[in-house]
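What follows is one structure encoded as structure tokens, with my remarks underneath.
Throughout, a chain's letter reflects where its sequence line sits, starting with A, and its residues are numbered from 1. The model shown is predicted, which means the values in this text are computed figures rather than measured ones.
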There are 2 protein chains.
Amino acid sequence: MRQTITIKDVALRAGCGVATVSRVLNNSGSTSVDMQQRVQAAADMLGFEFSEVGRSLQSSTTRTIGCVVPSLANPVYADAVQGAQEYFQAAGYQTLLVCTNYDTEFETQAIRTLTAKQVDGFVLTVSDTIFSEGLKSIKSRGIPHCLLFSMASDDEQSWSVDDLSAASRVSDAFVEKGHIDVGFLALKFKSSDRARQRYQGFVLGCHRNGMKKPALLEINEDSQELTSFLKDFLQKNPTLTGIFASNDFLALATIRSARALGLNVPGDLSIVGFDGIEVGTMVEPSLATIVTDPKMMGRGAARTVLSVINGTSAPVLPDPKLTFSFRAGGSLAFPAAERADDEKAATLSPSNNPTNKNDKIQQERLK
Amino acid sequence: MRQTITIKDVALRAGCGVATVSRVLNNSGSTSVDMQQRVQAAADMLGFEFSEVGRSLQSSTTRTIGCVVPSLANPVYADAVQGAQEYFQAAGYQTLLVCTNYDTEFETQAIRTLTAKQVDGFVLTVSDTIFSEGLKSIKSRGIPHCLLFSMASDDEQSWSVDDLSAASRVSDAFVEKGHIDVGFLALKFKSSDRARQRYQGFVLGCHRNGMKKPALLEINEDSQELTSFLKDFLQKNPTLTGIFASNDFLALATIRSARALGLNVPGDLSIVGFDGIEVGTMVEPSLATIVTDPKMMGRGAARTVLSVINGTSAPVLPDPKLTFSFRAGGSLAFPAAERADDEKAATLSPSNNPTNKNDKIQQERLK
DNA sequence: GTTAGCGTTGGAAACGTTTCCATAGGGAGG
DNA sequence: CCTCCCTATGGAAACGTTTCCAACGCTAAC
């Protein structure tokens, strides 16, 4: 078992040379009808399938694309990967997937491995465009690639949301509802281009709108619990009326934590998210957020890579202004006159807090 | 550019034969220190990396696993894929991903392609274990594989939730809260083993608990809108007090639709989901559901495949009773004396309904 | 001094394909 | 009848690796 049938077996059975089998089965070169039938019959009988490995060696092309993303737990990446994979599939390319878990060491290693596997191209979300070893090596080797949700340099394309403008738009939404003093909440701030971009855009927007410079609450991955961090944060910033979370999962978790602290959302604290994942419309109050289209981004990146591979002209990137839109939601409203008493929060039963196990799962999600 | 450096180039530069280069760089056979240094230097200077294609041809092994799932839009699969991918990665295997979109035609085609790519094994969620052409071909070729969330036959392993028992457990939960007449809601019922299993288990459980046989509401993918279907369903089953949805997204969507119909959840209608996705704990009321651990399942399936490949003994599957647990939630409670008036629902403003675009996205999700 | 054995090395085959080139056969046109 | 060309076919090289085998030089033992 498991011994594969090669073109030689077919040739032997059909009583011809391997070249003829190749020609018949690939419809290349000229062959007689008689021979076509004999070869076809032999191939069918043996259940022959070409080995892509042999082909790849000969053609020095693998029809495989490496796809590197931080994680699939975040639906943004999951959708993007799905979009890219579908596009590649339709074009006859396979997708080699790697999740880096936001680990740059891993990222470098993964890119090296995929390069050795001779992928024809890459679609990647790197944690840091400038310092990525892997990206550097891809460029130096001249392997076709396209970035996804990452900042591009001049000589390459990137399909990504205009984080700067989108975050700035969020500040508009806050100021429209009368907020002056709001904060920014991010997980893995250090290792994410995106979170930094969003913060930067938010700071600029707040400044432009005459608001206070937003305070930054950064959670590192081994923080035990969002709720207690949030509590500290709010105590340090007593006049804060809103929080912009750097992604929707974080925003939903923040709503939950705020409630656990006895706060009313949006009365005591307004929350705005980023990404526009669909459950945001199902919760009560619905989540105000920036809506994006990750699947389209994934497809776009796939198109770009294939265009580089085929030497056709690259697709035009979407207008940055159209890479996102703001979705109003019940989680953002005019602030109440006064925030609920903090004492109340302190007396809240601990049983309202999420269990340890759930918290662990949640932490993975939030990345 | 893009001309690759081969072992021959290194040999030439180091002034030795290719065999020696291979031995040095792979630490196999015996080599002199002098030669080691020369080869290493030459390889470094040229930036040489082995071509996996050449290796694969020679070793007839690709260190690549095909991973076939319906979709990444469903976090259950996304998590499972991530779990499997991580395990494979750690073991030095790469993951070739295909999403079938619940299309059996696609599934068959994808498996054929991956077979041609000479993957060393498969992890797959097929839509129908018995009739899957692809699975048949994998078996007949004797390619190592492991099923994931699919029913296995005797000669193979499957890592999956005990859908039957889990669904039965849901009926227990309903009856504990005094429900007698409940329904089952599924999307893609026809093309999903899993939905059918869950319905079957639910029917059995309800019978055992002395409840009515649950009515089945089946939504096909081009249904325009859940809300109107739900309305019809509730009118046809006026005494219904609860609904078991075949997955959490569907459950959340059902809560939203019920609200749009002016119903109170859980007062007028209790909802229970399946899968235990994490946002279920963030919504208000929290979603009662069956909790599963897809990432663990993915890891497990990966372990099984590798054990088959390496000829080591297969890991023991988890006790079926431990593949799920029930999580109580606010969406399941004792029914109110009487359901809210249907008239009220009819007069509800249509602006409360989700927009078309969101509905489309939602449909994909629900799969 | 001869030989056995060991450490080191290179040549070549093999893996499965495609494709170039050569060859053979046959029909048409001179 | 000879030549030319066109179609159909097979042999063989090439793609990049690993590994078997042979060969070479050396040391140690007889």
Side-chain angles (χ1 to χ4, degrees), chain A residues 2-40 42-43 46-64 92 113-120 141, chain B residues 2-40 42-43 46-64 92 113-120 141:
Chain A
R2 198 81 182 96
Q3 33 95 359
T4 38
I5 293 137
T6 77
I7 198 172
K8 275 186 197 154
D9 302 314
V10 178
L12 202 68
R13 174 143 206 138
C16 64
V18 290
T20 305
V21 177
S22 174
R23 274 187 292 257
V24 169
L25 263 27
N26 290 309
N27 270 326
S28 63
S30 60
T31 49
S32 67
V33 178
D34 169 59
M35 192 57 95
Q36 281 168 24
Q37 290 171 340
R38 270 166 47 206
V39 169
Q40 198 56 254
L46 297 170
F48 170 75
E49 298 265 0
F50 279 114
S51 158
E52 283 299 324
V53 177
R55 275 187 167 165
S56 294
L57 184 59
Q58 135 76 25
S59 65
S60 67
T61 189
T62 55
R63 296 193 85 77
T64 302
T113 310
L114 293 180
T115 304
K117 272 225 153 47
Q118 313 264 88
V119 293
D120 291 342
R141 289 183 149 77
Chain B
R2 196 84 179 94
Q3 32 97 359
T4 38
I5 293 138
T6 77
I7 199 172
K8 275 186 198 155
D9 301 314
V10 179
L12 202 67
R13 176 143 205 134
C16 64
V18 290
T20 305
V21 176
S22 174
R23 275 188 292 257
V24 169
L25 263 27
N26 290 310
N27 270 327
S28 63
S30 61
T31 49
S32 66
V33 177
D34 169 59
M35 192 57 96
Q36 281 169 23
Q37 289 172 340
R38 270 163 52 203
V39 168
Q40 197 56 256
L46 297 170
F48 170 74
E49 298 265 0
F50 279 115
S51 158
E52 282 300 323
V53 177
R55 277 187 166 164
S56 294
L57 184 59
Q58 136 76 25
S59 65
S60 67
T61 188
T62 56
R63 296 194 85 76
T64 302
T113 310
L114 294 180
T115 304
K117 272 224 152 49
Q118 313 264 86
V119 293
D120 292 342
R141 289 183 148 77

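Side-chain N/O atoms of B/Ser22 include one lying less than 4.0 angstrom from OP1 or OP2 on D/dT18. Contact annotation: A/Arg55 reaches the phosphate of C/dT18 (side-chain N/O to OP1 or OP2, under 4.0 Å).
By the 4.5 Å heavy-atom criterion applied to side chains, A/Arg141 and B/Glu49 are counted as neighbours. A/Thr61 is not listed as a side-chain neighbour of A/Ser56, based on a closest heavy-atom distance of 4.5 Å or more. B/Val39 places a side-chain heavy atom less than 4.5 Å from the side chain of B/Cys16. Between B/Asp9 and B/Phe48 the shortest side-chain heavy-atom distance does not fall below 4.5 Å. Here the side chains of B/Val33 and B/Gln37 are in contact, with some heavy-atom distance below 4.5 Å.
Rounded to whole Å, atom P of D/dT18 lies 4 Å from atom CG of B/Asn26. As a whole-Å value, the separation of A/Gln58 CD from C/dA14 P is 20 Å. Between the P atom of C/dG16 and the CG atom of A/Leu12 lies a distance of 14 Å, rounded to the nearest Å. Rounded to an integer number of Å, the gap from A/Gln37 CD to D/dT9 P is 12 Å. Residue A/Glu49 contributes atom CD, which lies 11 Å from atom P of C/dT17 at whole-angstrom precision. B/Glu52 places its CD atom 10 Å from the P atom of D/dT17, with the value rounded to the nearest Å. Atom-to-atom, NZ of B/Lys8 to C1' of D/dA13 comes out at 11 Å; the value is rounded to the nearest Å. Summarising the geometry, the separation between CG on A/Leu25 and C1' on C/dT17 is reported as 12 Å, rounded to the nearest angstrom.
A side-chain donor-acceptor contact under 3.5 Å links B/Thr31 and B/Gln36.
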Atom pairs under 3.5 Å, N or O on each side, protein against nucleotides 5-10 of chain C: can you list them with distances?
{"from": "C/dT9", "atom 1": "OP1", "to": "B/Ser32", "atom 2": "OG", "distance (Å)": "2.8"}
{"from": "C/dT9", "atom 1": "OP2", "to": "B/Ser32", "atom 2": "N", "distance (Å)": "2.9"}
{"from": "C/dT9", "atom 1": "OP2", "to": "B/Ser32", "atom 2": "OG", "distance (Å)": "3.3"}
{"from": "C/dG10", "atom 1": "OP1", "to": "B/Gly17", "atom 2": "N", "distance (Å)": "3.4"}
{"from": "C/dG10", "atom 1": "OP2", "to": "B/Gly17", "atom 2": "N", "distance (Å)": "2.9"}
{"from": "C/dG10", "atom 1": "OP2", "to": "B/Thr20", "atom 2": "OG1", "distance (Å)": "2.4"}
{"from": "C/dG10", "atom 1": "N7", "to": "B/Arg23", "atom 2": "NH2", "distance (Å)": "2.9"}
{"from": "C/dG10", "atom 1": "O6", "to": "B/Arg23", "atom 2": "NH1", "distance (Å)": "3.3"}

Query raised in the report: Can you list the steps and then say if B/Thr20 with B/Met35 is a side chain to side chain contact (heavy atoms under 4.5 Å, CB included)?
Result: CA-CA 8 Å; B/Thr20 305; B/Met35 192 57 96; 3.5 Å; yes
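Comparing B/Ser28 and B/Leu57 against DNA chain D, the residue whose closest nucleotide sits nearer the 5' end is B/Leu57.
Rounded to 10°, the angle separating the first-five-pair axis and the last-five-pair axis of the helix from C/dG1-D/dC30 to C/dG30-D/dC1 equals 70°.
Side-chain atoms of B/Thr64 never come within 3.5 Å of backbone atoms of B/Val119 as a donor-acceptor pair (strictly under, hydrogens ignored).
Here the closest non-hydrogen pair linking B/Ala43 and B/Leu25 is CB-CD2, 4.2 Å.
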